[in-house]
Participant: 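Pasting a structure here, questions to come.
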Amino acid sequence: MKFNAPRGTNDILPPEIEKWQYIEEITHKLFKNYNYQEIRTPIFEYTELFQRGIGEVTDIVEKEMYTFEDKSGRSITLRPEGTASVIRSFLENKIYGQAQPTKYYYIGPMFRYERPQSGRFRQFHQLGVEAIASNDPALDAEIISLGIRLLEKFGLEDFELHLNSVGCKSCRPKYMEKLKTFLTKNKAELCDKCKERIERNPLRVLDCKNQSCQAVIKDAPKITEHLCEECELHFSEVQSFLDVLNIEYIINPLLVRGLDYYTHTAFEIKDNALGAQNTVFGGGRYNGLAEEIGNRDIPGIGFALGIERLLLSLQAKEINIVEAEGIDLYITVIGEKAKKEAFRLLDILRKEEFKTEIDYLDRSVGSQMKSADRMNAEYTIIIGENELNNNSATIRNMKSGNEAEIKLSNLLKEMKQRVDKGEK
RNA sequence: GUGGAUGUAGCUCAGUUGGCUAGAGCGCAGGAUUGUGGCUCCUGAGGCCGUGGGUUCAAGCCCCAUCAUCCACCCCA
């Protein structure tokens with residue numbers, strides 16, 4: 001073959017696509033049930049949006065963006081995540097002028113230039129929600145529970161919710177200083193990368209997996225012990241609202257997220273059956289984001305869920321979310337004359353919403369029956385010389401093998417009685 | 001960006017210390033059944049052995065390069 005799909009991209013083929021459609025269907029239904037509305041933003045944005053929104057020193061902006069110049073010389077970037085676009089849209093369309101809060105959701109492809117591996121692709125798909133213009137900790141709990149309820153809809157229950165507060169503008173800088181001081185004191189024990197991180201992004205050291213770093217981190221000051229009063233209160237309220245919903249969580253002070261815009265609540269749902277990339281969904285509060293990209297102080301919270309990871313999780317647990325669906329009718333044609341009549345009948349049956357198929361490869365009767373069988377047809381309608389002469393069709397129940405010759409004039413009525421269309 | 005593993009039929013994989021026209025199972029197509037699927041049996045199609053070079057009388061096998069995929073690191077969905 002001359003062409004491959006670009007590295008890290010995938011074709012989604014049938015029957016796999018059925019799962020995607022099912023996930024989307026359930027998502028639309030559940031999210032609307034929580035009164036979130038769908039929003040569709042462009043697949044690409046001006047690069048500055050992500051630089052400002054996500055943060056210059058994040059991995060995403062530093063090395064993972066698909067950035068290029070368009071013909072006018074503007075720097076364009078394929079969206080690496082959804083939140084920045086949604087907030088940009090919220091501000092640009094002046095949605096803040098309407099009744100608040102605003103609750104949006106989205107489903108679509110995201111792009112990050114990374115080496116692909118299990119659960120990570122260059123084009124991948126997220127579904128996510130954003131609740132904008134409210135600082136209510138109950139909303140934090142709603143967002144988290146919404147994600148969990150969605151997983152439950154697919155029969156997934158065996159996962160861990162990690163919860164943390166990453167502080168706010170007023171307490172995080174102070175904590176960072178403390179952390180820096182501590183890390184500098186223990187610099188000798190840290191890996192080379194973490195040594196660099198002390199200045200650039202000390203929080204990142206916290207989730208380094210290097211053993212000697214881990215040993216240092218164990219005694220590092222914890223952000224949960226350095227929150228300001230407001231953050232402290234918000235965090236405990238979020239927990240108590242989660243308690244109300246009987247949602248279990250693990251407080252994880254080492255949970256730091258890779259995007260700069262998070263404040264207060266940060267969370268990740270991990271499925272330990274997944275291997276290295278085990279975060280199925282993650283998110284948090286981003287009260288500084290609207291300020292950063294639009295000079296308006298508007299709070300928000302959301303999560304993003306990786307659809308490919310959801311699929312992997314289902315696979316790991318051998319959960320089948322879609323049944324293979326058969327067709328209602330297969331028309332077997334014998335002889336050229338019959339084909340015209342059969343083709344006319346095919347159209348009529350389809351108009352009546354029977355899922356119907358016919359042979360297009362000039363195959364023998366036996367082969368046509370075989371096709372019908374493989375398509376899991378409920379009935380086969382056989383039309384040959386005999387039937388033509390009698391103005392009839394032979395119908396065969398593929399399960400029982402019973403056959404009957406039916407007048408064409410009665411065929412529709414007969415099939416309506418026999419076939420349970422669109423059964424599920 | 002770094003490291004490791006793997007590339008042979010549509011799929012899953014055999015292929016001996018290098019040695020004849022490269023195999024199996026499944027799938028696909030046709031037939032046994034001149035108008036009837038599943039089970040069975042028979043037959044068949046389908047391979048630049050990832051690609052390019054090298055070593056050799058001889059390469060699917062050895063060497064080099066390259067590409068791709070997978071897995072891991074980094075980090076995240």
Side-chain angles (χ1 to χ4, degrees), chain A residues 1-10 13 54 57-64 79-83 107-128 147 191-194 196-197 201 203-204 206-210 255-259 266 268-271 274-283 302-313 330 332-335 338 359 361-388 394-403 405:
Chain A
M1 245 315 277
K2 208 167 179 179
F3 294 105
N4 295 73
R7 160 166 273 196
T9 67
N10 295 101
L13 305 170
I54 297 169
V57 298
T58 58
D59 276 18
I60 291 178
V61 170
E62 277 185 341
K63 52 178 201 185
E64 294 173 5
R79 61 183 190 190
E81 58 102 42
T83 303
I107 305 182
M110 304 294 165
F111 305 84
R112 291 184 201 173
Y113 190 89
E114 297 187 272
R115 287 284 288 271
Q117 71 188 71
S118 180
R120 173 154 64 210
F121 309 94
R122 289 185 173 181
Q123 174 174 340
F124 61 104
H125 297 78
Q126 290 187 332
L127 54 90
C191 69
D192 291 348
K193 275 180 187 160
C194 282
E196 288 173 29
R197 285 175 177 140
N201 205 338
L203 286 177
R204 226 359 77 60
L206 295 178
D207 65 0
C208 182
K209 281 152 197 154
N210 184 294
L255 174 66
V256 280
R257 313 211 69 244
L259 296 80
E268 287 185 9
I269 285 276
K270 292 172 182 294
D271 180 346
L274 243 47
Q277 312 304 327
N278 63 354
T279 302
V280 177
F281 74 82
F303 74 73
L305 177 148
I307 299 180
E308 284 85 354
R309 289 189 187 172
L310 168 60
L311 255 7
L312 281 177
S313 185
Y330 186 96
T332 290
V333 183
I334 306 158
D359 170 60
L361 289 171
D362 259 321
R363 281 191 276 219
S364 67
V365 180
S367 298
Q368 291 185 59
M369 297 305 288
K370 202 184 266 188
S371 296
D373 187 48
R374 227 165 289 155
M375 290 178 200
N376 237 317
E378 195 174 346
Y379 277 86
T380 298
I381 296 174
I382 302 162
I383 297 180
E385 297 266 333
N386 300 343
E387 288 82 359
L388 275 187
T394 301
I395 61 170
R396 178 184 178 86
N397 182 311
M398 295 300 276
K399 237 174 228 133
S400 66
N402 293 335
E403 293 194 357
E405 193 170 338

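The figures here come from the full heavy-atom set of this structure, side chains too, leaving out hydrogens, waters and symmetry mates.
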Participant: Quick check for you: among rC73(B), rC75(B), rA77(B), whose closest atom lies nearest to any side-chain atom of Arg204(A)?
Facilitator: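 Of all the options, the side chain of Arg204(A) is nearest to rC75(B).
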
Participant: Give, for atom OG1 of Thr380(A) and atom CD of Glu403(A), the distance between the pair rounded to the nearest 0.5 Å.
Facilitator: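 Between atom OG1 of Thr380(A) and atom CD of Glu403(A) there are 8.5 Å.
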
Participant: How close or far is atom C1' of rA77(B) from atom CG of Asn278(A), stated in whole angstroms?
Facilitator: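 Taking CG of Asn278(A) and C1' of rA77(B), I get 11 Å after rounding.
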
Participant: Quick one: label Gly119(A) by what it contacts on the DNA or RNA (base, sugar-phosphate, nothing), any heavy atom closer than 4.0 Å.
Facilitator: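 The residue Gly119(A) makes base contact.
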
Participant: Check for me: is Phe124(A) stacked on rA77(B) by the 5.5 Å centroid and 30° plane-angle rule?
Facilitator: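 Yes, the aromatic ring of Phe124(A) stacks with the base.
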
Participant: What distance separates Ile382(A) CD1 from Thr332(A) OG1, expressed to the nearest 0.5 Å?
Facilitator: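 Taking CD1 in Ile382(A) and OG1 in Thr332(A), the distance rounds to 5.5 Å.
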
Participant: Under 4.0 Å between any heavy atoms, over every strand shown, what does Glu114(A) touch: base, sugar-phosphate, or nothing? Just pick one.
Facilitator: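 Since a base atom lies under 4.0 Å of Glu114(A), the category is base.
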
Participant: Side chains of residues 108-116 of chain A: which donor-acceptor partners sit under 3.5 Å, not counting sequence neighbours?
Facilitator:
residue, atom, partner, partner atom, Å
Arg112(A), NE, Pro80(A), O, 2.8
Arg112(A), NH2, Pro80(A), O, 3.0
Glu114(A), OE2, Arg120(A), NH1, 3.4

Participant: Start at the 5' end of RNA chain B and walk down; is the nucleotide closest to Gly401(A) or to Leu305(A) reached first?
Facilitator: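 Its nucleotide being nearer the 5' end, the pick is Gly401(A).
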
Participant: Considering only the P atoms, how many Å lie between rU40(B) and rG47(B), rounded to the nearest integer?
Facilitator: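 Nearest-Å result for rU40(B) against rG47(B) at atom P: 28 Å.
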
Participant: Please measure how far the C1' atom in rC42(B) lies from the corresponding atom in rA68(B), and state the result in whole Å.
Facilitator: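 Their C1' atoms lie roughly 40 Å apart.
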
Participant: Atom CZ of Arg197(A) and atom CG of Leu206(A): how far apart are they, to the nearest 0.5 Å?
Facilitator: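 Between atom CZ of Arg197(A) and atom CG of Leu206(A) there are 10.0 Å.
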
Participant: Taking the side chain as everything from C-beta on, heavy atoms only, tell me whether Gln123(A) gets closer than 4.5 Å to Asn10(A).
Facilitator: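 No, too far: nothing below the 4.5 Å cut-off.
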
Participant: With a non-hydrogen cut-off below 4.0 angstrom, is Ala304(A) in contact with a base, only sugar-phosphate, or nothing?
Facilitator: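 Sugar-phosphate: the residue Ala304(A), judged by heavy atoms under 4.0 Å, touches backbone atoms but no base.
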
Participant: Once each nucleotide of nucleotides 25-36 of chain B is scored for protein heavy atoms under 4.0 Å, what B/S/- sequence comes out, 5' to 3'?
Facilitator: ---SSSS---BB

Participant: Say we look at rG18(B) and rA58(B): how far apart would their C1' atoms be, to the nearest angstrom?
Facilitator: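 After rounding to an integer number of Å, I get 8 Å for this pair.
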
Participant: Which dot-bracket string fits RNA chain B when only Watson-Crick or G-U wobble pairs with both atom distances under 3.5 Å count, crossing pairs get [ ], and | stands for a partner on a different strand?
Facilitator: (((((((..((((.....[...)))).(((((.......))))).....(((((..]....))))))))))))....

Participant: How long is the line joining NZ of Lys399(A) and C1' of rG37(B), in whole Å?
Facilitator: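 Those two atoms, NZ and C1', are 14 Å apart.
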
Participant: Could you work out the separation of rA29(B) and rG10(B) based on their C1' atoms and round it to a whole Å?
Facilitator: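 To the nearest whole Å, 13 Å.
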
Participant: Among all residues two or more places apart in sequence or in another chain, which pass the ring-ring contact (aromatic ring centres under 6.0 Å, His included) test with Phe303(A)?
Facilitator: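 Per chain and number, Phe303(A) pairs via ring-ring contact (aromatic ring centres under 6.0 Å, His included) with Phe281(A).
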
Participant: Nearest 0.5 Å, please: how far is CD in Glu64(A) from CD in Glu81(A)?
Facilitator: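 One finds 11.5 Å between CD of Glu81(A) and CD of Glu64(A).
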
Participant: Closer than 4.0 Å, any side-chain N/O of Arg7(A) to the OP1 or OP2 of rU69(B)?
Facilitator: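 Checking rU69(B) against Arg7(A), a side-chain N or O does come within under 4.0 Å of OP1 or OP2.
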
Participant: In whole angstrom, give the distance that lies between atom CG of Asn10(A) and atom C1' of rC70(B).
Facilitator: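 Answer to the nearest Å: 12 Å.
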
Participant: Is the phosphate of rC70(B) approached by Gln117(A) (side-chain N or O, under 4.0 Å from OP1 or OP2)?
Facilitator: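 So the side chain of Gln117(A) is outside the cut-off, no N or O lying under 4.0 Å from OP1 or OP2 of rC70(B).
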
Participant: Leu203(A) has an atom CG; how far is it from atom C1' of rC75(B), in whole Å?
Facilitator: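 To the nearest whole Å, that distance equals 14 Å.
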
Participant: Distance only, no hydrogens: is a donor on one side chain within 3.5 Å (strictly under) of an acceptor on the other, for Glu268(A) and Thr279(A)?
Facilitator: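 Present: a donor and an acceptor within the cut-off.
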
Participant: Rounded to whole angstrom, note down the P distance from rG30(B) over to rG38(B).
Facilitator: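 Approximately 12 Å lies between the P atom of rG30(B) and that of rG38(B).
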
Participant: Check the distance between rC73(B)'s C1' and Glu64(A)'s CD and give it to me in whole angstrom.
Facilitator: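 To the nearest whole Å, that distance equals 13 Å.
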
Participant: With a 4.5 Å heavy-atom cut-off, do Asp271(A) and Leu312(A) have their side chains touching?
Facilitator: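 SC-SC contact between Asp271(A) and Leu312(A) ruled out.
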
Participant: Rounded to whole angstrom, note down the C1' distance from rC61(B) over to rG7(B).
Facilitator: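 Going atom to atom, C1' in each nucleotide, I get 14 Å.
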
Participant: Would you kindly give the OH-to-C1' distance between Tyr379(A) and rG38(B), to the nearest whole Å?
Facilitator: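 Going from OH in Tyr379(A) over to C1' in rG38(B) covers 17 Å.
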
Participant: Between CE of Met369(A) and OG of Ser364(A), what distance do you get to the nearest 0.5 Å?
Facilitator: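 Answer for the CE-OG pair, Met369(A) versus Ser364(A), is 11.0 Å.
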
Participant: To the nearest Å, how far apart are Gln126(A) CD and rA77(B) C1'?
Facilitator: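 Going from Gln126(A) (CD) to rA77(B) (C1'), I get 5 Å.
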
Participant: Say we look at rU21(B) and rG25(B): how far apart would their C1' atoms be, to the nearest angstrom?
Facilitator: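 Looking at atom C1' only, rU21(B) and rG25(B) are 23 Å apart.
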
Participant: How many Å lie between CD on Glu62(A) and C1' on rC75(B), as a whole number?
Facilitator: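 Going from Glu62(A) (CD) to rC75(B) (C1'), I get 12 Å.
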
Participant: Of all residues at least two apart in sequence or in a different chain, which pass the side-chain contact (heavy atoms from CB on, under 4.5 Å) check with Arg363(A)?
Facilitator: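 Arg363(A) satisfies side-chain contact (heavy atoms from CB on, under 4.5 Å) with Asp359(A), Leu361(A), Ser367(A), Gln368(A), Ser371(A) only.
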
Participant: Looking across every strand, which nucleic acid part, if any, lies under 4.0 Å from Thr279(A) by heavy atom: base, sugar-phosphate, or nothing?
Facilitator: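 Base contact.
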
Participant: Distance check, C1' atoms only: rU16(B) and rG60(B), in whole angstrom units.
Facilitator: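 Result for the C1' pair: 13 Å, nearest Å.
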
Participant: Identify, between Ala5(A) and His125(A), the residue whose nearest nucleotide on RNA chain B lies closer to the 5' end.
Facilitator: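 Upstream on the strand: Ala5(A).
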
Participant: Out of rC75(B), rA77(B), rA68(B), which nucleotide sits closest to the side chain of Asn4(A)?
Facilitator: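 Closest of the options to the side chain of Asn4(A): rA68(B).
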
Participant: Holding to side-chain contact (heavy atoms from CB on, under 4.5 Å), I want the full list of residues that pass it with Asn278(A), two or more places apart in sequence or in another chain.
Facilitator: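 Counting only residues at least two positions away or on another chain, Asn278(A) forms a side-chain contact (heavy atoms from CB on, under 4.5 Å) with Lys270(A), Asn272(A), Leu274(A).
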
Participant: Once you apply a heavy-atom cut-off of 4.0 Å, does Phe303(A) come out as touching a base, just sugar-phosphate, or nothing?
Facilitator: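 Phe303(A): no heavy atom of the nucleic acid under 4.0 Å.
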
